[in-house]
Each structure stands twice: as structure tokens, then as C-alpha cells.
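Each residue takes its place number in the sequence, starting with 1.
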Amino acid sequence: MTTTSSAPSDLLTRQVSQRVSQSVFDGSRLRVVLLVDVYDGAQQQFLEAYEQLCNQVASVPGHVSDQLCQSIENPSQWLITSEWESAPPFLAWVNSEEHVRMVEPLHSCVRDTRSLRFNIVRETGGPAADATAGDRRLQASPRIGDGVIRHALTFTVKPGSEEAVARILAGYASPEPKVDNTTRLCRTSLFMHGNRVVRAIEVRGDLLAALRHVARQPEVRAVEEAINPYLEQDRDLDDPESARVFFTRAALPAVHHVTAEQDDPQAERHALYYPARPGQGMRLAELLAQHDAAAADDAHGPVLRSTIFQRDDVVVRLIDVRGGLPAADPVLALGLPDAAQAAELTTLLADAGPSAPQDGDVAQRLLGLVRMTPVTDRRSPDA
């Protein structure tokens, strides 16, 4: 489906696709906005911690600049903005253990934070901005969204406990989907691959408000407490710092999403786990994103929706497949345009096996290696 818009200046008409898409891989510059609520009386401590952090961030690859602002109405409210050459280097840094350690000095003086990330679409300014415009990449055109925010969490459990954990996770009562008048939970999908758990959620409205809402629900808290003994990374949900560190490390952000222009409400949801070789997670996610974006042009393709989540060397691809995964072409289900393109994928995978897929049988074997086991998939009644 397309719509036609006219540009008054040159009377040119262009077609704008209504395909839903998001991506961190378009190469445009990134603006990060961090809203910070500082404890009363801790403003000087916060400023000193920020200056130390700022000096460290300046050496991070891809970082361009940052700016610290204090509210003229409420001295406890601060705003940090930073500019990055593109989204991938920022995500590689913000999801790293280095970042976890780097921001520790802020925790004792900060009550709350909220992070927002934006690709830069247009820019105005004086001669200096015009002179560097050729070197400053902007997003080429606005993307079309569907009002849904996609996010995931991942963690590992102790080997041998997989069946017990799956039973616990499958047995919980769904929380109330309505968070407030503007936010609601749409869908929660949970999968396992060996001892790795992935929980993907879809939210309309405010993601942070939805996550906090879920965490407060007694039924969810009971499940979290029940799996605590099985976790490889210890946590204490009664200790805010322990819980914060755990969920910071568990965050698995969406780096790419595309919904084909055709849809099928009966499509089946599946998840694929691509363990990347050390340092290759972002490149692997980008390769899959390129292939999924191209595949969305095929009106007869089996994959109708694809969301790629990536953090460090963990890459997860959530797909809605027409007719189910068994009926899908295994090569296309893997996120490949054809079997000949599998070589690069297998060079990026940590556990790809001895050879790259050259035919359907081998592609089917590779699909079996990365396919995750569904635990539960629940939609809100009016999602």
C-alpha cells in the first residue's frame, strides 16, 4: 500500500511505503537524550560524577559530543544529550560491561533516569553547520511505525534446570494488560534455547512504565522469585541495586524490525537464536536485518514480520511466519536470500557446525541448531 505526497517546491510526486520498519543500521547520526532526576542536595556530587564520566566517554569510538543541562525551574532535573556517528557504536558501548562500571558513581546521587534515542532526520543551523553538512549523515526519510515498542530480556539458568524453569515460566498468570490510559501490554513471547531464556514483549505507549507495571504484579513477582535459585547470575529483587544490575545486563534491545505490507493474523510466531562469534554480534544482526528488509518486498515470502534483538554476541530473531515454520523454506526462515548467501552467516556464528549450508538439507540442519523452543506466547485480548 502506498500514499502519494506532493512537494510544493518542485511539484515532484513520490511514493512512500506504508511498511512498518525501524532500524539502527541506516548509518544516520544518533541523538541520545537522558533525563535525570537527582536527589535533593546531591547536585554537586552529580556534577562531579558526570565530569568524570564525560572524560571517559570522550574516548569511546563513535562518540561526537555531549552536553549537560540543568532545569531553570527545578534544580533536581538535569538533561544530558549526546551525539554519535551512528547508532551501532553507541549501542555497543551502552550495552557493555564497561558502561555498567562507568556509570556506577552516578547511582548514589540519581533518583531516576530515562533514556531516549533518536536518529537525526533534519538539521538547521548557521554557516558552520552548512559547511559540515556533507560529512554529517542524516536519516534519509521518516520511517512508518505501528505504535508498538518491542523489547526483550535474556538471561541464562543453571544447566540441568531447563525443564523446571520452563514449567515455572509457562505457568504464570498474565498480568493486567492496561498500565494506564496511554500504555498497555500487547504481547509477551517467551522462548528457550538450551539454558538461555528470552522474553520478548510488545507495548503500546511507555515502555518504561510497562516494565515497572509488570514488575509490580504479584503473579510476576512470584515467578521471578521461583526462578531465582536457578539463575546463573545471582540477584536479590529486594535489593534495588542488585535488581537494577541484573535487568541492565538482561536487556536485549530491538535493533531492527520490519513488517511486510501484507499480513496474516494466523501467522505463527517463532524465535531463532544466533550465537555470534566474539565481537561479531552487531555485524551478524546487521546482515540479518539487510536480508529481512529485502525479503519484505516478496509478497509470497513466508516471513511476514521480523524483529532482531542484539546485545554483545547474543542475536535473537523473532519472526511471524505464514503457514508455520515447518512449511517455510528453511533458507528464508534463517533470514537468508538463498543458500549461496549462507557462507557469511556461518562465519559469524559461534556454533554453525563444520560447513555452511549448500542445500536445503543442510539449511534445515542449521535451522534446527538456531531454532528456539517456545514456552509461552500470550496476546492481550484487544491487542
Side-chain angles (χ1 to χ4, degrees), residues 24 27-121 123-129 131-133 135-138 151 206-209 211-212 233 235 239-253 255 279 282 310-312:
V24 305
S28 60
R29 286 181 292 130
L30 181 73
R31 175 74 65 187
V32 180
V33 177
L34 184 65
L35 305 174
V36 184
D37 186 12
V38 176
Y39 288 118
D40 293 333
Q43 283 82 1
Q44 184 61 37
Q45 179 188 352
F46 169 73
L47 180 59
E48 292 171 357
Y50 167 79
E51 289 179 343
Q52 180 181 1
L53 175 64
C54 184
N55 292 331
Q56 295 173 307
V57 175
S59 63
V60 175
H63 176 264
V64 177
S65 64
D66 54 66
Q67 188 176 59
L68 177 66
C69 307
Q70 186 176 20
S71 170
I72 62 174
E73 298 167 336
N74 182 353
S76 295
Q77 294 179 346
W78 295 71
L79 171 69
I80 302 173
T81 62
S82 62
E83 184 177 321
W84 296 75
E85 292 176 358
S86 62
F90 166 77
L91 292 174
W93 172 70
V94 80
N95 293 327
S96 68
E97 286 297 312
E98 177 189 12
H99 176 263
V100 172
R101 293 189 299 269
M102 200 178 290
V103 299
E104 282 181 357
L106 295 175
H107 298 157
S108 61
C109 52
V110 170
R111 181 184 295 110
D112 194 18
T113 61
R114 179 180 178 85
S115 179
L116 305 171
R117 295 93 183 259
F118 302 87
N119 280 345
I120 301 175
V121 180
E123 185 175 53
T124 59
T132 59
D135 298 325
R136 299 163 70 84
R137 295 163 297 178
L138 305 180
H151 188 69
D206 187 328
L207 174 63
L208 186 58
L211 293 175
R212 289 173 172 168
Q233 179 190 341
R235 69 178 181 188
D239 178 355
E241 182 63 12
S242 175
R244 185 198 64 78
V245 171
F246 178 87
F247 287 110
T248 295
R249 288 177 171 146
L252 190 64
V255 295
M282 186 67 74
Q310 182 264 333
R311 180 191 181 94
D312 297 330

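When every heavy atom of P89 is checked against every heavy atom of P61, the shortest pair comes out as CB-O, 3.5 Å. Nearest approach of C54 to D66, heavy atoms of both residues: SG-OD1, 3.3 Å. Scanning both residues, S86 and R137, for their nearest heavy atoms gives CB-NH2, 4.4 Å. In plain terms, the two heavy atoms of D312 and S96 that are nearest each other are OD1-CA, 4.5 Å. In terms of heavy atoms, Q310 sits closest to N95 at O-ND2, 4.4 Å. In plain terms, the two heavy atoms of Q43 and S76 that are nearest each other are NE2-OG, 3.5 Å.
Remark: side-chain polar atoms of R31 are not paired, donor with acceptor, to backbone N or O of T81 under 3.5 angstrom. Counting only distance, with no hydrogens or angles, the side chain of R29 and the backbone of E83 share no donor-acceptor pair below 3.5 Å. Checking side-chain atoms of R235 against main-chain N and O of F246 turns up no donor-acceptor pair under 3.5 Å.
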>> Could you walk me through whether M102 and W93 satisfy the side chain to side chain contact (heavy atoms under 4.5 Å, CB included) test, starting with their C-alpha distance in whole Å, then the side-chain angles of each, then the deciding distance to 0.1 Å, before giving a yes or no?
In response: CA-CA 10 Å; M102 200 178 290; W93 172 70; 3.7 Å; yes
>> For a side chain to side chain contact (heavy atoms under 4.5 Å, CB included) check, start with the C-alpha distance between L30 and L91, then their side-chain angles and the critical distance, and finish with the verdict.
In response: CA-CA 10 Å; L30 181 73; L91 292 174; 6.0 Å; no
>> Apply side chain to side chain contact (heavy atoms under 4.5 Å, CB included) to residues F46 and V36 and explain how you reach the verdict.
In response: CA-CA 10 Å; F46 169 73; V36 184; 3.9 Å; yes
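With rounding to the nearest 0.5 Å, the separation of CG in L106 from CG in L34 is 8.5 Å. Note that the CZ atom of F90 and the NE2 atom of H63 stand 10.0 Å from one another [nearest 0.5 Å]. For the atom pair SG (C109) and NE2 (H107), the distance works out to 9.5 Å, reported to the nearest 0.5 Å. Taken from CG in L53 to CG in L68, the straight-line distance is 10.5 Å, to the nearest 0.5 Å.
For the side-chain hydrogen bond (donor to acceptor under 3.5 Å, both in side chains) test, residues two or more places apart in sequence or in another chain that qualify with S82 are W84. For S115, the side-chain hydrogen bond (donor to acceptor under 3.5 Å, both in side chains) criterion is met by R117, not counting sequence neighbours.
Dense packing is recorded around CG of L116, with more than 12 heavy atoms of other residues, nucleotides or ligands lying under 6.0 Å away.
Here salt bridge (Lys or Arg N to Asp or Glu O under 4.0 Å) pairs that include residues 36-63, with residues two or more places apart or in two chains, are D37-R111.
Salt-bridge check for R244 with E241: passed, with a basic side-chain N closer than 4.0 Å to an acidic carboxylate O.
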